[in-house]
Amino acid sequence: MDASKAEPGPRRSGTPGEVWLRPSARKRDAPPLSRDRIVEEAVTLLDTEGADRLTMRRLAERLGTGSTTLYWHVKTKDDVLDLALDAIFAEVEIPPEGGQGWRAGITALINGWRAVLLRHPWSAALLSRPMLGPNVLARSEFMYATLLRAGVVEPHLTAAAYGLSNYVIGSGLMQATWPANAERDVRSAARERLHANRERYPALAAHGPLAVEGDWDTSFALGLDWLLDGIQAGIAGARA
């Protein structure tokens, strides 16, 4: 039996988010492979091949090591996914506090988040996992703190944060899974179908997302403005 493929003792299947609640392995016992190096290679694999292709065996092979060494640092595939998700969130710049207004800060955060989701198309589909890593928490803290300072209080605070988060996740997931090379053909076929059925679907035939010209960036920006307008109106109403 190849010792490089053996696993050190019984291994639990694990659950998403567990990596943040489990004490790290003692560094003096660990072989010379860092968790940061593992996560960096995992993100590269995920970017090029997607989450379905990520396995502990393949990751170990890309790192030029055996699974035994890998399991010193990460216990399960869920660990790797959680760590990779948090790592890419470090790319979302946290806006500086003060002087820009709450809308500008939230807009910058959400646009940065969207850019990360599009650079790493595998990530949006995994954001239902418990997000307890330091990079995610720091950016969530900024969002909640900014809304609080703007005057958003419960139960509207949670609703506003969820609305913004769900908007960027949903938009990122839709764009990441849309076949880019099929855009023109899909729109053409959709227009023909809607035109043929315009009496049944008059609004969609005239204004639907597949029937009219548009682009992802403009639509996202307009939708975000609508959300922020609603939050601002809620703040004004509460003060009144």
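Every heavy atom of this structure was used, including side-chain atoms; hydrogens, water molecules and symmetry mates were not. Please read these numbers as outputs of a predicted model, since none were measured by experiment.
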Say you draw a straight line from [atom1] of [X] to [atom2] of [Y]; how long is it, rounded to the nearest 0.5 Å?
X: R103; Y: D225; atom1: CZ; atom2: CG; value: 5.5 Å
X: I110; Y: T107; atom1: CD1; atom2: OG1; value: 8.0 Å
X: I38; Y: L33; atom1: CD1; atom2: CG; value: 4.0 Å
X: L147; Y: I235; atom1: CG; atom2: CD1; value: 7.5 Å
X: I88; Y: H120; atom1: CD1; atom2: NE2; value: 5.0 Å
X: L63; Y: T69; atom1: CG; atom2: OG1; value: 10.0 Å

Could you pull out the closest heavy-atom pair between [X] and [Y], with the gap in Å?
X: I169; Y: A124; answer: CG2-O, 3.9 Å
X: L46; Y: A51; answer: CD2-CA, 3.5 Å
X: A160; Y: V152; answer: CB-CG1, 4.4 Å
X: L109; Y: E93; answer: CD1-O, 4.3 Å

Is there side-chain contact between [X] and [Y], with at least one heavy-atom pair below 4.5 Å?
X: Q100; Y: P95; value: yes
X: W102; Y: L228; value: yes
X: V80; Y: V39; value: no
X: Y71; Y: T76; value: no
X: L164; Y: I231; value: yes
X: L127; Y: W113; value: yes

Before accepting this row, confirm whether a basic side-chain N of the pair [X]/[Y] lies closer than 4.0 Å to the acidic partner's carboxylate O.
X: E41; Y: R37; answer: yes
X: R114; Y: D217; answer: yes
X: R129; Y: D78; answer: yes
X: K77; Y: D82; answer: no
X: R62; Y: E49; answer: yes

Is there a chain of hydrophobic side chains (I, L, V, M, F, W, Y, each step under 4.5 Å between heavy atoms) that links [X] to [Y]?
X: Y167; Y: L118; answer: no
X: L54; Y: W122; answer: yes
X: Y162; Y: F220; answer: yes
X: L222; Y: L227; answer: no
X: L81; Y: L173; answer: no

*Chi angles and distances behind the side-chain hydrogen bond (donor to acceptor under 3.5 Å, both in side chains) call for S171, Q175*: CA-CA 6 Å; S171 174; Q175 188 170 352; 4.9 Å; no
*Run the side chain to side chain contact (heavy atoms under 4.5 Å, CB included) check on V74 and M56 step by step: do they pass?*
CA-CA 9 Å; V74 285; M56 298 295 274; 3.8 Å; yes
*E154 atom CD, neighbour heavy-atom count above 12 within 6.0 Å*: yes
Is a side-chain donor or acceptor of [X] paired with a backbone partner of [Y] at a separation under 3.5 angstrom?
X: N135; Y: F89; result: no
X: R53; Y: L45; result: no
X: Y201; Y: H195; result: no
X: R139; Y: V92; result: yes

*Among side-chain atoms of T44 and E40, is any donor-acceptor pair under 3.5 angstrom?*
no
*Apply side chain to side chain contact (heavy atoms under 4.5 Å, CB included) to L117 and V168, showing your working.*
CA-CA 9 Å; L117 295 182; V168 68; 4.3 Å; yes
